[in-house]
Structures are given as C-alpha cells and as structure tokens.
Amino acid sequence: MKTAWLQHVSFEGPGLIADWMAARQFSFPRIALWAGEPLPDPQTLDLLVVMGGPMNVDETDAYPWLTAERVFIRRAIDAGVRVVGICLGAQLIARALGARVYRGPQPEIGWFPVTRTAATHPVCDGLPVSFQAYHWHGDTFELPDGATCIAGSALYANQVFIWGERVLGLQCHLETTPRSAQDIIDHTTFEPGPTVQSAEAMLADTARFETLRPILFDLLDRLVAT
C-alpha cells in the first residue's frame with residue numbers, strides 16, 4: 001500500500017499512526033508542507049494522512065500552501081484515495097468537501113469523553129460507545145454534504161465523521177503518545193481553565209495514551225479493508 005502523510009508544523013507528527021504503519025509494514029513518507037516540500041500526484045497513493053496544526057484552514061496569507069493542499073485533498077478524494085484527517089486535517093477535509101470551518105465555542109484541550117451517535121458505518125463500527133480521547137482544538141466545522149457523524153463530545157459535536165467509504169475525519173487525537181503530547185505542549189501557549197487542562201493533568205497518567213492504540217488501529221484496519 002502506497003501511503004504518505006502531510007505535516008503542517010515540525011512539532012506535530014503521526015504518533016501512533018506511525019506505529020500502525022510499521023506494524024503493517026507500510027512505508028510512510030512525510031511531506032513537510034511547512035518546509036516547502038512538494039505534493040505528489042494523488043493517483044500514486046492508496047492512503048493519505050493529513051495531520052493537525054495550530055493554524056486555521058483560512059490562514060492562507062501566512063501559510064500559502066494551505067490553498068494547494070486543500071485542492072490536493074479534494075483531488076485525492078475524487079481519485080478514490082483513502083484519506084484520514086486529524087484535527088486540522090479533518091477541518092481541511094471538511095472544507096475540501098465544501099463545508100464551513102469556523103471558531104468553536106471554546107478551546108477543548110486535554111482528556112475529555114467522546115460518545116458515539118446512533119449512526120453506524122463499517123469503518124467505524126468498532127468504535128466504543130464512549131471513551132476518553134485526547135483533544136487539542138479551538139476550531140470546528142459543519143458536516144460536509146453526504147457525511148455521517150459517528151461521535152461527538154460535549155463541546156464539539158463532530159469528533160468523528162465518515163464520508164463515503166474511504167474518507168475519515170477525526171477532530172480528536174487518537175494518535176497521541178506522551179512524547180507527541182509533550183512536543184505540542186512545549187511549542188504552544190495555553191491557559192488552563194474549565195475546558196483546558198494543565199500540562200501536568202494531561203500527562204499525569206501516561207498509560208491513558210495506550211488506550212487510544214486499539215481504537216485507532218481498528219479504525220485504520222477497517223479503512224484499508226475497504
């Protein structure tokens with residue numbers, strides 16, 4: 001399987017997704033958009049992973065490559081490539097499919113529950129009814145036409161969505177490890193509050209990050225089986 005992942009900032013990597021790729025013996029080349037690396041022909045890919053980042057999808061003046069990236073994501077979707085978006089990546093997918101992306105009610109940073117909706121889909125049917133997910137977002141989006149919302153949180157209704165059979169959006173971070181969480185904490189300014197946990201609280205129980213592994217792996221296994 002030919003794969004690639006899009007990176008928006010140097011300190012936000014694929015975390016557990018890289019472990020899944022290695023376990024399945026897939027090569028997983030990085031395309032560092034922040035460093036000006038070129039996008040490939042989407043026809044050469046079977047699976048594309050679009051990672052997160054601190055920017056908004058509309059900050060094209062500061063990050064001009066966002067425009068080309070959005071077009072690329074749409075071309076990949078239209079070519080039948082399996083596409084997974086994490087946080088900003090999910091927002092970029094939503095925008096590429098014509099949906100609105102906008103500021104959320106307040107930031108959601110740290111460990112908060114995600115709960116399934118009544119919707120079902122073969123790619124997502126292994127998702128637990130409710131689970132603790134790691135979050136780091138302040139933007140949200142409307143569901144693209146034809147998408148199905150699979151799970152949401154108290155603040156952000158669209159935490160997991162599926163479009164068609166091969167496009168998966170994750171607003172929450174199921175890929176995070178203690179190291180990748182620390183990387184983002186070290187590069188981000190944030191003020192703890194009711195919906196923003198302190199760094200100490202987020203990292204107090206590192207075993208929680210391992211609970212994300214089977215959830216993420218099941219989603220990816222089901223997606224590549226389509």
Same cluster or not: [X] versus [Y], using hydrophobic residues (I, L, V, M, F, W, Y) connected whenever any side-chain heavy atoms lie under 4.5 Å apart?
| X | Y | answer |
| --- | --- | --- |
| I31 | W5 | yes |
| V160 | F112 | no |
| L45 | L47 | yes |
| M1 | V49 | yes |
| V71 | V101 | no |

Only distances under 3.5 Å count here; give the side-chain donor-acceptor pairs of residues 196-204 to other protein atoms, sequence neighbours excluded, each with its distance to 0.1 Å.
from: Q197; atom 1: OE1; to: W111; atom 2: N; distance (Å): 3.0
from: Q197; atom 1: NE2; to: W111; atom 2: O; distance (Å): 2.9
from: S198; atom 1: OG; to: A201; atom 2: N; distance (Å): 3.1

Side chains of residues 76-84: which donor-acceptor pairs under 3.5 Å do they make with residues two or more places apart or in other chains?
from: D78; atom 1: OD1; to: R74; atom 2: NE; distance (Å): 3.0
from: D78; atom 1: OD1; to: R74; atom 2: NH2; distance (Å): 3.4
from: D78; atom 1: OD2; to: R74; atom 2: NE; distance (Å): 3.4
from: R82; atom 1: NE; to: L223; atom 2: O; distance (Å): 3.2
from: R82; atom 1: NH2; to: T226; atom 2: O; distance (Å): 2.4

Does some side-chain heavy atom of [Y] sit less than 4.5 Å from a side-chain heavy atom of [X]?
| X | Y | value |
| --- | --- | --- |
| C172 | L174 | yes |
| H8 | W65 | yes |
| L88 | M51 | no |
| P29 | S27 | yes |
| C124 | L168 | yes |
| T3 | L48 | no |

Applying salt bridge (charged side-chain N to carboxylate O under 4.0 Å, His left out) as the test, list every pair that has at least one member in residues 48-67; sequence neighbours left out.
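Checked against salt bridge (charged side-chain N to carboxylate O under 4.0 Å, His left out) - neighbours excluded - the pairs reaching residues 48-67 are D58-R95.
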Where do D145 and W163 land on the side-chain hydrogen bond (donor to acceptor under 3.5 Å, both in side chains) test, with the steps shown first?
CA-CA 9 Å; D145 287 344; W163 186 88; over 6 Å; no
Looking only at side chains, do Q159 and S153 share a donor and an acceptor under 3.5 Å apart?
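Per modelled atom types, Q159 and S153 side chains form a pair under 3.5 Å.
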Could you tell me if H137 and Q91 have a donor-acceptor pair between their side chains, going purely by distance under 3.5 Å?
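Short answer, no.
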With a cut-off of under 6.0 Å to the ring centre and 45° to the axis, is R24 in cation-pi contact with F26?
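Pair R24/F26 does not count as cation-pi.
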Could you please spell out the steps behind the side chain to side chain contact (heavy atoms under 4.5 Å, CB included) verdict for L212 and E175?
CA-CA 7 Å; L212 302 175; E175 85 291 353; over 6 Å; no
Donor-acceptor under 3.5 Å ([X] side chain, [Y] main chain):
| X | Y | result |
| --- | --- | --- |
| T117 | I150 | yes |
| H121 | G164 | yes |
| T188 | I184 | yes |
| Q7 | A32 | no |
| R103 | Q106 | no |
| T195 | P107 | yes |

As a quick check of understanding, evaluate side chain to side chain contact (heavy atoms under 4.5 Å, CB included) for F131 and I215, giving each step before the final call.
CA-CA 9 Å; F131 60 96; I215 299 172; 3.8 Å; yes
Ring pair (Phe, Tyr, Trp, His ring centres under 6.0 Å) contacts in which one or both residues fall within residues 180-203, not counting sequence neighbours
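Found F11-H187, W136-F190.
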Show your working on side chain to side chain contact (heavy atoms under 4.5 Å, CB included) between V224 and W20 and close with a plain yes or no.
CA-CA 12 Å; V224 299; W20 179 84; 3.5 Å; yes
Results of ring pair (Phe, Tyr, Trp, His ring centres under 6.0 Å) for H173 - residues two or more places apart only:
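H173 satisfies ring pair (Phe, Tyr, Trp, His ring centres under 6.0 Å) with no other residue.
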Going by an N to O cut-off under 4.0 Å, is there a salt bridge joining K2 and D46?
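Salt bridge flag = no for D46 with K2.
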Determine, stepwise, if the pair F141 / F161 fulfils ring pair (Phe, Tyr, Trp, His ring centres under 6.0 Å).
CA-CA 11 Å; F141 50 89; F161 77 88; 5.4 Å; yes
Contacts of type side-chain hydrogen bond (donor to acceptor under 3.5 Å, both in side chains), residue E12, not counting sequence neighbours
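E12 satisfies side-chain hydrogen bond (donor to acceptor under 3.5 Å, both in side chains) with no other residue.
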side-chain contact (heavy atoms from CB on, under 4.5 Å), paired with L216, selected from I17, D19, D221
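Of all the options given, the one that passes is I17.
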Could you give me the CA-CA distance, side-chain angles and deciding distance for T148 and L143, then say whether side chain to side chain contact (heavy atoms under 4.5 Å, CB included) is met?
CA-CA 8 Å; T148 300; L143 278 181; over 6 Å; no
In sequence, state the C-alpha distance, the side-chain angles, and the governing distance for Q171 and H135, and then conclude on side-chain hydrogen bond (donor to acceptor under 3.5 Å, both in side chains).
CA-CA 8 Å; Q171 177 72 81; H135 303 264; over 6 Å; no
